[in-house]
Amino acid sequence: MKNYHCNEITENILSKEIKLSGWVGKRRDHGGIIFVDLRDYTGIVQLVFNPEDKELFMKAESIRSEFVIEIRGMVNPRLEGTVNDDLATGKIEIIVSSLRILNKSETPPFKINDDNVNEDQRLQYRYLDMRSDKMQKTIRFRSKLIQIIRNYFYSKEFIDIETPILTKTTPEGARDYLVPSRVHPKEFFALPQSPQLFKQTLMIGGLDKYFQIAKCFRDEDLRSDRQPEFTQLDVELSFTDEEEIIQIVEELFALIFKDIMDYKDNLNFERMSYHDALKNYGCDKPDLRNPLILKDIKELVKGVDFKVFSDHVNNSTSRIAALKVPGGISLSRKNIDDLTEVVKNFGAKGLAYFKCEDISDIENGIASPIKKFLNTEVIQNILTEVDAKNGDLIFFSADSTDIVNSSMSALIKDLGSSLNLLSGGWKFLWVLDYPLFEQDSEGNPTSIHHPFTSPKNFNDLSEADVYKIPSRAYDLILNGNEIGGGSMRIHSKDIQMKVFELLNISEEEMNKKFGFFLKALSFGCPPHGGIAFGIDRLVMLLLELDSIRETIAFPKTQSSSCLLTNAPSSVDEKQLRELSINTTKSIK
RNA sequence: GGGGGUGUAGCUCAGUUGGUUAGAGCGCCUGCCUGUCACGCAGGAGGCCGAGGGUUCGAGUCCCUUCACUCCCGCCA
């Protein structure tokens with residue numbers, strides 16, 4: 001006899017005897033008749049226990065929530081007036097003839113599909129949480145996504161290669177998770193932050209088209225979209241260029257959206273330079289669904305005797321920007337105070353604004369706490385620059401370029417969602433023309449992507465201003481979230497050494513850390529490039545989930561612990577001795 | 001490393017200016033109930049108020065320390 005799933009029980013198999021197994025969702029005992037909602041991952045079906053069979057009925061009285069049962073019974077149409085339209089199987093029910101209790105269950109700490117349970121409870125009892133419709137849907141979606149990705153790359157004759165999890169520590173970048181070597185006292189493996197050097201080495205090894213669904217590890221602080229171990233789609237090709245990689249990726253996303261997103265329209269991939277992204281949106285991952293854009297007004301406030309502006313007018317590392325919010329006049333004092341807190345988070349000192357009540361009358365029609373510092377001509381020029389209309393609110397930010405950009409992009413993001421300004425569904429954006437380097441907090445050059453990214457032209461490396469050297473990097477942004485990034489790589493040892501040199505890495509240091517790779521580059525490395533995507537974050541975006549933890553079966557909490565297993569945990573002295581390890585902090 | 005929020009029954013929460021025996025809904029247990037599907041009715045059990053310290057005649061409530069969870073900044077080549 002076939003073992004059915006709950007959603008397979010339909011009016012097509014009426015009066016047929018079937019076998020069904022699953023979990024008890026809910027028992028409704030009416031004394032003379034018992035109803036049980038039987039649940040599996042496909043849905044719920046109602047079982048009916050009648051009192052004629054005394055033994056069966058008594059057994060049914062003993063079952064409780066989350067018992068695992070197997071039943072045999074007859075599929076019956078429901079009596080008139082007892083049809084449940086809220087249930088997919090609400091037109092039928094199963095008259096049970098035999099019941100096997102396959103396993104009992106403790107009373108669960110929370111109901112399976114209760115969506116009002118705190119996350120720490122759900123993580124502690126992840127196996128119960130997983131029985132919920134939402135988790136089932138997410139985890140199965142993730143599996144299908146990975147299946148599509150694998151099939152796509154296999155069909156394009158890419159090969160799937162596993163790279164090591166125990167590998168060599170990579171300096172710079174994120175902190176590594178370290179694994180002590182027992183055989184080599186005082187030496188450590190590191191878990192990979194990404195398979196970057198291995199995949200490039202594969203190219204040198206003549207494995208032209210590589211992909212991997214790779215686990216990566218970074219020992220940094222967590223966020224709602226960041227986990228210490230995560231899964232990356234990693235791709236690398238030889239004898240290729242940016243356009244080919246972009247085309248491969250766009251084709252993949254077209255397939256994903258068609259197959260599992262139920263999306264009929266053609267996807268539209270826009271392109272924007274890094275420079276334009278920062279200028280218009282203050283960040284390199286703009287959300288194109290958001291209509292708000294920044295305008296530079298430094299030139300317009302040159303002669304203004306107002307310290308907030310004048311401090312930055314002649315500073316080349318400062319920016320003065322205006323942000324017009326159409327209809328923003330309706331924002332209350334409280335709203336604006338809250339937004340001020342948002343920008344203060346990013347180091348901004350405050351948030352000045354104009355309320356445009358009547359732009360034809362600058363004397364009386366513009367309300368602003370900073371109006372007294374500005375003459376009519378300056379105000380008029382600003383209104384013209386942002387193309388203000390009556391009812392608009394204009395925010396101002398003046399500070400170092402970094403602070404203006406980060407605070408104003410946060411403001412744009414906040415206003416976009418709080419004022420419901422987002423429109424247009426799925427917006428993909430390629431950000432191109434990144435510089436090779438940016439300045440770190442100590443004023444030294446650091447790679448925007450990673451030090452293996454190729455400069456646009458090799459002789460660009462002799463450019464006097466290192467921050468102007470263009471690179472061959474590209475990022476893919478979806479609705480304001482970075483989902484993938486890649487580049488054409490350096491394939492010449494000399495260029496690679498030159499880039500290390502510009503990053504102030506001594507020859508001795510580069511040989512110690514990357515010697516194996518520099519040597520490999522010298523043995524006929526083909527031109528190559530690739531890209532990588534964060535799978536967890538992609539699932540989160542596609543399913544519009546609040547946190548990356550929802551996409552991972554067994555995620556870590558914000559303090560990088562696992563509530564299910566209580567990892568990490570202390571270890572025996574004996575284990576430590578074997579590894580030649582002394583701990584410096586006492587165990588809590 | 002820094003800032004914000006939360007922590008009271010199994011779950012989700014309320015708890016006033018410090019003042020008798022700390023509450024509710026759901027869940028759980030017992031009994032009754034033959035058409036429910038948020039079943040109904042009656043009764044019942046269940047609390048180191050996250051932990052430690054302090055102020056006070058008296059602390060869930062005030063103060064200090066600490067832990068856990070969470071959001072954000074830094075960080076994440």
Side-chain angles (χ1 to χ4, degrees), chain A residues 25-38 44-52 57 64-66 76 78-87 89-90 93 95 106-125 128 170-176 193-194 196-197 216-228 230 341-348 402-403 406-407 410 413-414 436-438 440-441 444-453 473 482 485 487 499-500 503 505 513 534 546-547 549 556-561 563 566 588:
Chain A
K26 183 83 191 172
R27 181 180 107 267
R28 289 179 295 280
D29 184 345
H30 287 243
I33 185 168
I34 298 172
F35 301 102
V36 168
D37 290 337
L38 184 72
I44 283 176
V45 72
Q46 174 163 282
L47 311 179
V48 181
F49 292 87
N50 285 310
E52 286 75 33
F57 196 75
R64 293 292 182 273
S65 291
E66 301 312 311
N76 257 33
R78 292 211 189 178
L79 301 174
E80 215 181 307
T82 68
V83 167
N84 184 349
D85 291 327
D86 297 333
L87 203 61
T89 58
E93 60 193 8
I95 311 299
E106 294 289 320
T107 301
F110 49 83
K111 274 186 279 182
I112 293 308
N113 273 312
D114 187 347
D115 52 14
N116 193 28
V117 181
N118 288 325
E119 198 185 358
D120 53 345
Q121 289 292 326
R122 295 175 46 212
L123 292 180
Q124 201 182 132
Y125 298 94
L128 296 179
T170 54
E172 297 151 44
R175 267 186 283 266
D176 285 323
Q193 297 179 28
S194 101
Q196 184 63 32
L197 288 179
C216 305
F217 307 85
R218 291 177 192 174
D219 186 7
E220 293 294 344
D221 286 350
L222 277 58
R223 289 282 192 283
S224 55
D225 63 349
R226 228 193 273 163
Q227 282 274 303
F230 58 98
E341 288 309 307
V342 169
V343 298
K344 279 185 175 170
N345 252 328
F346 294 85
D402 277 353
I403 289 178
S406 57
S407 62
K413 195 172 176 184
D414 190 288
L436 201 54
F437 303 116
E438 64 186 346
D440 69 13
S441 52
N444 300 312
T446 178
S447 298
I448 288 188
H449 285 81
H450 53 58
F452 315 104
T453 304
E482 183 193 327
S487 61
V499 167
F500 284 148
L503 288 166
I505 299 174
K513 291 167 176 170
D546 295 329
S547 125
R549 296 182 295 274
K556 305 285 187 288
T557 68
Q558 195 167 37
S559 53
S560 295
S561 55
L563 293 181
N566 281 323
K588 53 181 171 182

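All of these numbers come straight from a predicted model, not from anything done at the bench. Residue numbering restarts at 1 for every chain, and letters A, B, ... go by the order of the sequence lines.
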Kindly indicate, with the supporting measurements, whether the criterion side-chain contact (heavy atoms from CB on, under 4.5 Å) is fulfilled by I95(A) and N50(A).
CA-CA 8 Å; I95(A) 311 299; N50(A) 285 310; 3.8 Å; yes
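- The closest donor-acceptor contact from the side chain of S194(A) to the backbone of Q196(A) lies under 3.5 Å.
- Here D29(A) lies in heavy-atom contact (under 4.0 Å) with a base.
- Remark: rC39(B) base-pairs with no nucleotide; criterion is Watson-Crick or G-U wobble with both hydrogen-bond distances under 3.5 Å.
- S406(A) places a side-chain N or O within 3.5 Å of a backbone atom of D402(A) that can act as its donor or acceptor partner.
- Applying the Watson-Crick and G-U wobble criteria (two distances, each under 3.5 Å), rC69(B) pairs with rG5(B).
- Looking at residues two or more places apart in sequence or on another chain, you find a salt bridge (Lys or Arg N to Asp or Glu O under 4.0 Å) between R175(A) and E220(A).
- In this structure, Q46(A) does not reach the rC37(B) phosphate: none of its side-chain N or O atoms is under 4.0 Å from OP1 or OP2.
- Within the nucleic acid shown, P451(A) comes within 4.0 Å of at least one base atom, counting heavy atoms only.
- Nucleotides rA38(B) and rG4(B), compared at atom P, are 44 Å apart to the nearest Å.
- To the nearest whole angstrom, the two P atoms, one in rC29(B) and one in rG10(B), are 15 Å apart.
- Among the protein residues, E93(A) comes within range of the nucleic acid bases, having at least one heavy atom under 4.0 Å from a base atom.
- Base pairing of rG74(B): no nucleotide in any strand meets the Watson-Crick or G-U wobble criterion (both distances under 3.5 Å).
- By the side-chain hydrogen bond (donor to acceptor under 3.5 Å, both in side chains) test, S441(A) is found to be paired with no residue, residues two or more places apart in sequence or in another chain being considered.
- For rA68(B) and rU8(B), the C1' atoms lie 16 Å apart once the distance is rounded to whole Å.
- For rA24(B), the paired base is rU12(B) (Watson-Crick or G-U wobble, both distances below 3.5 Å).
- Of the listed nucleotides (rU12(B), rA77(B), rC37(B)), rA77(B) has the atom at the smallest distance from the side chain of H450(A).
- The stacking criteria are not both satisfied for F110(A) over the base of rC11(B), which would need a centre-to-centre distance under 5.5 angstrom and an angle between ring planes under 30 degrees.
- Two residues, R218(A) and D114(A), neighbour RNA chain B, and the one matched to the more 5' nucleotide by heavy-atom proximity is D114(A).
- E341(A) comes within 4.0 angstrom of nothing in the nucleic acid, heavy atoms only.
- In this view, F452(A) and H450(A), F514(A), F517(A) satisfy the ring-ring contact (aromatic ring centres under 6.0 Å, His included) rule, not counting sequence neighbours.
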Return the polar atom pairs (N/O with N/O) between nucleotides 24-28 of chain B and the protein under 3.5 Å, or none.
residue: rC26(B); atom: O2'; partner: K111(A); partner atom: NZ; Å: 3.4

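- Annotation: rG60(B) and rG47(B) have their C1' atoms spaced 11 Å apart (nearest Å).
- rC33(B) is unpaired under the criterion used here, namely a Watson-Crick or G-U wobble arrangement in which both key atom distances are under 3.5 Å.
- With salt bridges taken as basic N to acidic carboxylate O contacts below 4.0 Å, one links R28(A) and D37(A).
- The local environment of CG in D440(A) is crowded, with over 12 non-hydrogen atoms from other residues, nucleotides or ligands closer than 6.0 Å.
- Contact detail for A410(A) and V342(A): the closest heavy-atom pair is CB-CG1, 4.2 Å.
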Contact string for nucleotides 69-75 of chain B, one letter per nucleotide 5' to 3', B = base within protein heavy-atom range under 4.0 Å, S = sugar-phosphate only, - = neither, reads SBBSBBB
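- Two residues, N50(A) and E438(A), neighbour RNA chain B, and the one matched to the more 5' nucleotide by heavy-atom proximity is N50(A).
- One cannot find a donor-acceptor pair under 3.5 Å joining the base of rC37(B) and the side-chain atoms of R27(A).
- Here H30(A) lies parallel enough and close enough to stack on the base of rC39(B), with planes under 30° and ring centres under 5.5 Å apart.
- Proximity of N118(A) to the phosphate of rU12(B): a side-chain N or O atom is located under 4.0 Å from OP1 or OP2.
- Scored by the salt bridge (Lys or Arg N to Asp or Glu O under 4.0 Å) test, E482(A) finds no partners at all (sequence neighbours excluded).
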